[in-house]
Amino acid sequence: MDLRKLRDLLRRCAASPAEAERIAAELWPVAAEAEGDWARETEAMSPEVRAIPDGARGVLADALLAAGQDAGGNVLTLAAVIERGLPGRSGEARAKALAEAGRWYTLWEGERFLVLAEIACEEDRPIAPEAVAMFRRSATDAYGGERLQALAKALTEPVLNVGEAWAERALREAEEAPGWDALLRHALTARAARPTRAWEKRARALVEPLGEDRVRDAVLSWLPLAGRRTFALERQEWDHDVNGGYDPYNATALRGLVWTLGLLPARPDTARALGALVENALRKAAGLGPRNVKVANAAVNGLVGLDGEAALAELARLAARVTHKGTLKLLESVLEERAAALGLSREEIEELAVPAYGLTEVGRAEFALGETTALLEVRGAKAVLGWRTAAGKAVKSVPAAVRRDHAEELKELKAAVKDVDRMLSAQSERLDRQFLANRRWQYASWRERYLDHPLVGTLARRLLWTVDGTAVGYAEGELRTLAGDAVRDGGDVRLWHPVGHASAEVVAWRDWLERHAITQPFKQAHREVYLLTDAERATGTYSNRFAGHIVRQHQFNSLVAIRGWRNKLRLMVDDSAPPATRDLPQWGLRAEYRIHGEGRDFRADTTDSGSYLRLSTDQVRFYPIDAPQNWAPCWGGEYTMAMPRRGARVEPVPIADIPPLVLSEVLRDVDLFVGVASVGNDPTWQDGGPEGRYREYWTAYGFGELNQGAETRRALLERLVPRLAIADRCTLEGRFLHVRGERRTYRIHLGSGNILMAPDDQYLCIVPKSDPTAPQTGYLPFEGDRTLAVILSKAMLLAEDDKITDPTILSQLGAQR
């Protein structure tokens with residue numbers, strides 16, 4: 001923009017108001033041809049503008065708006081500055097531009113829209129709610145600036161940002177009932193880590209006229225809607241997934257409402273809703289990470305404020321499921337405090353916190369609803385709700401009389417089913433981690449908290465234990481040895497692990513499980529055992545067993561967190577990072593798995609936010625738990641120990657000195673990370689990924705030698721295949737399950753599930769549906785091996801390949817539909 005010429009034109013108009021229309025014709029091209037955002041410079045001309053008489057200013061503004069082709073740019077900003085404060089102006093063009101800006105997540109075009117909004121506030125003109133939300137979000141940014149923050153503070157209506165389902169429902173509630181508006185505004189002041197007494201006092205005073213039950217019911221109905229948008233926002237190329245996160249302005253109000261819930265008399269659904277909010281808020285959005293950690297932590301603190309079994313159960317469940325370090329640390333601190341207050345250990349408080357959810361015996365309960373009986377049963381990893389009429393006849397759907405006369409009881413029963421499912425999953429993961437926790441129990445307390453517990457018993461009775469060193473399993477209503485002898489008493493109880501047991505005993509327990517049709521909640525009798533190899537004895541201090549793999553970083557990162565490891569995402573722009581590590585306090589050790597970012601092409605090898613899409617893997621090592629951390633450049637290079645002043649370098653623990661159970665479990669975790677996250681498992685990667693770089697690795701992994709997990713899978717298939725309906729079409733040979741179809745013969749790799757077709761080993765790409773709830777194919781002795789289920793389902797499909805109708809598969813088979 002030619003500022004000198006613009007100022008001269010404005011001065012001429014001040015001196016000769018009658019020439020305003022002719023001057024406007026010269027003014028418009030000067031503004032229209034300018035590049036960039038000239039709002040600040042335009043505002044600096046306010047003295048020249050104020051010197052122009054009102055009538056001439058109106059002429060100038062009208063001429064600019066009539067001729068302007070860019071109502072969102074410098075022409076509109078200049079017109080707004082010229083007509084600022086003039087009476088009788090419509091401001092329609094400005095309002096339209098601001099409304100369009102409401103589609104953005106934050107302010108894209110600098111100060112020009114800031115000027116438009118400030119003028120609207122000065123003139124007391126309404127600003128579109130969507131634009132108000134945009135300015136408020138922009139002000140929360142660290143680079144928002146004082147001027148933007150001042151504008152956001154002046155925008156007081158509506159009280160919450162539109163665009164989120166929960167907030168819009170709350171706004172409707174505020175319109176219908178006096179008192180809600182004040183409570184929502186108070187919730188927006190929840191900016192500290194925890195509420196002060198003064199904050200709580202004010203909240204109680206605002207709740208009183210509305211009524212505790214009404215406030216609780218409303219807030220509980222809003223919380224499940226957190227994070228759901230009612231319209232999509234536009235984002236800049238460098239922005240995170242703006243529609244996947246929480247609105248940062250509304251998130252503050254959510255924290256305040258959670259604090260308010262903690263002041264009200266609790267109900268079981270309060271704890272349930274707060275627990276669900278923790279998980280919702282920690283769900284990740286691309287480029288952002290957790291949607292809102294502060295909301296999650298507020299919900300944890302809300303649970304802390306609630307008394308009763310339900311709240312403690314949610315805290316214990318979350319401690320077993322949450323992987324975000326900050327929130328997990330908060331949960332662990334809370335449980336430690338509860339345990340200390342009761343004179344118990346952390347492990348004991350977690351065990352005692354598991355509720356029965358109405359179950360009156362292990363895995364079962366009956367509820368009378370009029371003449372109908374509801375039957376709640378735990379079957380495997382799921383809770384099932386069934387119905388029986390007064391005559392004892394089982395019916396599949398909910399009887400009409402129950403829907404009509406017992407709606408609240410039905411609602412609570414359905415909620416209990418979901419609670420049981422979530423808790424079963426959390427307890428299964430917790431039990432799976434007990435091997436490395438080196439946990440042991442006294443027999444009486446173990447029976448109460450595990451074997452005979454109405455919910456945990458459904459897991460414990462499908463596992464193997466040792467009682468005073470004797471291995472036992474639960475069958476026919478008793479704990480029994482392999483010989484079938486009942487064990488009704490004892491002292492020391494531990495979770496059985498195959499390490500240290502003879503192969504014959506392990507096989508005998510596998511037979512025992514099959515004989516009693518027991519499906520274990522996770523691999524135990526069939527658990528992979530990783531013994532020290534000669535190669536590892538030769539290296540001395542590390543294992544290269546899982547080095548040289550290419551894994552998907554974000555899937556790897558999720559897996560390590562679930563298994564209790566710590567890891568930092570590798571970014572191409574970062575300098576260095578520590579390896580993935582797991583602390584083993586019961587053993588005084590720290591395990592580490594060394595990894596590096598893979599690739600150098602920013603577009604092909606990273607996300608929009610710069611984090612690597614893939615990692616390359618390296619050594620597994622062990623150190624004393626208090627040893628300084630090792631670090632390496634994110635893009636590769638040697639790991640070096642970050643030494644404190646005057647500190648001596650701590651050497652890794654010789655791998656031969658690691659207890660066999662610890663070595664086996666750590667390597668099993670690492671095998672899981674590679675087995676699930678490797679690009680070799682992706683059936684669509686036969687071209688080798690970006691520029692074909694990984695074709696050799698994909699082929700070697702997808703059809704190469706079997707790892708320990710795949711060997712276990714092979715041993716199991718040797719027993720399962722003869723029982724299948726397609727047994728006459730299947731044979732196991734080496735690394736493959738061979739399947740004879742009507743059109744072709746196929747080889748399914750037992751490690752990756754990838755398929756080769758005869759006669760020329762042509763690759764067949766079948767992408768399995770990602771449905772963890774899909775039923776398993778026949779009896780399996782354990783849950784959780786998705787690759788095994790995929791192999792069996794592919795075998796079933798290919799044995800009857802003449803019945804395939806999928807055009808993508810048929811085209812690869814060379815068949816006509």
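Values below: every heavy atom of this structure, side chains too, minus hydrogens, waters and symmetry copies.
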| Test log, rule side-chain contact (heavy atoms from CB on, under 4.5 Å), inputs Ile748 and Val790 | CA-CA 10 Å; Ile748 307 174; Val790 166; over 6 Å; no
Does a side-chain N-to-carboxylate-O contact under 4.0 Å join [X] and [Y]?
X: Asp432; Y: Arg527; answer: yes
X: Arg649; Y: Glu651; answer: yes
X: Arg614; Y: Glu598; answer: no
X: Arg494; Y: Asp468; answer: no
X: Asp626; Y: Arg590; answer: no
X: Glu733; Y: Arg747; answer: no
X: Glu528; Y: Arg668; answer: yes
X: Arg566; Y: Asp583; answer: yes
X: Arg537; Y: Asp534; answer: yes
X: Glu314; Y: Arg317; answer: yes
X: Glu514; Y: Arg510; answer: no

Minimum side-chain heavy-atom gap [X]-[Y] below 4.5 Å:
X: Phe622; Y: Leu663; answer: yes
X: Asn630; Y: Thr640; answer: no
X: Thr519; Y: Pro781; answer: no
X: Asp575; Y: Cys634; answer: no
X: Leu589; Y: Ile658; answer: yes
X: Val666; Y: Leu584; answer: yes
X: Leu717; Y: Leu792; answer: yes
X: Arg480; Y: Asp485; answer: no

| Pairing residues for Glu505 by the salt bridge (charged side-chain N to carboxylate O under 4.0 Å, His left out) criterion, not counting sequence neighbours |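 Counting only residues at least two positions away or on another chain, Glu505 forms no salt bridge (charged side-chain N to carboxylate O under 4.0 Å, His left out).
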Distance-only, no hydrogens or angles: does the [X] side chain make a donor-acceptor pair with backbone N or O of [Y] under 3.5 Å?
X: Ser752; Y: Asn681; result: no
X: Glu478; Y: Tyr474; result: no
X: Gln520; Y: Ala525; result: yes
X: Arg723; Y: Arg719; result: yes
X: Arg338; Y: Leu344; result: no
X: His749; Y: Gly704; result: yes
X: Gln427; Y: Leu424; result: no
X: Arg461; Y: Leu451; result: yes
X: Arg283; Y: Glu279; result: no
X: Thr699; Y: Arg695; result: yes

| said: I want to know whether Tyr450 and Trp441 have ring centres closer than 6.0 Å. | reply: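 Yes, the ring centres sit under 6.0 Å apart.
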Shortest non-hydrogen contact from [X] toward [Y]:
X: Ala339; Y: Ser345; value: CB-O, 3.6 Å
X: Tyr639; Y: Pro578; value: CE2-C, 4.0 Å
X: Leu495; Y: Leu464; value: CD1-O, 3.6 Å
X: Leu706; Y: Gly751; value: CD2-N, 3.8 Å
X: Ala296; Y: Thr327; value: CB-OG1, 4.3 Å
X: Asn754; Y: Gly702; value: ND2-CA, 3.5 Å

| field | From Arg693, Arg552, Arg600, Arg570, residue fulfilling salt bridge (Lys or Arg N to Asp or Glu O under 4.0 Å) relative to Asp605 | value |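 Among the candidates, only Arg693 passes.
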Check: [X]/[Y] side-chain N/O donor and acceptor closer than 3.5 Å:
X: Tyr697; Y: Ser678; result: yes
X: Glu536; Y: Thr533; result: yes
X: His554; Y: Ser611; result: yes
X: Trp509; Y: His501; result: no
X: Glu665; Y: His497; result: yes
X: Ser425; Y: Arg321; result: yes

| Pairs touching residues 702-717 that satisfy salt bridge (charged side-chain N to carboxylate O under 4.0 Å, His left out), sequence neighbours left out |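 Salt bridge (charged side-chain N to carboxylate O under 4.0 Å, His left out) check on residues 702-717 returns Glu705-Arg735, Arg713-Asp785, Arg714-Glu718.
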| request: Assess whether side-chain contact (heavy atoms from CB on, under 4.5 Å) is satisfied between Gln442 and Val493, documenting all intermediate values. | output: CA-CA 6 Å; Gln442 286 299 308; Val493 180; over 6 Å; no
Let me confirm one number: the [atom1]-[atom2] distance from [X] to [Y], rounded to the nearest 0.5 Å.
X: Arg440; Y: Asn438; atom1: CZ; atom2: CG; result: 6.5 Å
X: Leu615; Y: Asn557; atom1: CG; atom2: CG; result: 8.5 Å
X: Tyr701; Y: His549; atom1: OH; atom2: NE2; result: 6.5 Å

| task | Step by step, work out the salt bridge (Lys or Arg N to Asp or Glu O under 4.0 Å) result for Lys523 and Glu783. | result | CA-CA 7 Å; Lys523 285 185 183 179; Glu783 297 165 357; over 6 Å; no
| request: Apply the test salt bridge (Lys or Arg N to Asp or Glu O under 4.0 Å) to residues Arg346 and Glu348: give CA-CA distance (whole Å), side-chain angles for both, the deciding distance (0.1 Å), then the verdict. | output: CA-CA 5 Å; Arg346 158 72 187 278; Glu348 287 176 308; over 6 Å; no
| field | Verdict with reasoning, Leu732 to Leu750, per side-chain contact (heavy atoms from CB on, under 4.5 Å) | value | CA-CA 10 Å; Leu732 273 167; Leu750 302 180; 3.8 Å; yes
| Which of parallel (below 30°), tilted (30 to 60°) and perpendicular (above 60°) describes Tyr443 and Trp446? |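 Ring orientation of Tyr443 relative to Trp446: tilted.
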| query | Given Phe556, which of Trp565, Phe546, Phe673, Tyr612 fulfils the ring pair (Phe, Tyr, Trp, His ring centres under 6.0 Å) condition? | reply |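 By the ring pair (Phe, Tyr, Trp, His ring centres under 6.0 Å) criterion, Phe556 pairs with just one of Trp565, Phe546, Phe673, Tyr612: Phe673.
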| message | What verdict does the side-chain contact (heavy atoms from CB on, under 4.5 Å) test give for Trp496 and Phe435, after you've listed the backbone C-alpha separation in whole Å, the side-chain angles of each residue and the deciding distance to 0.1 Å? | response | CA-CA 8 Å; Trp496 182 90; Phe435 296 113; over 6 Å; no
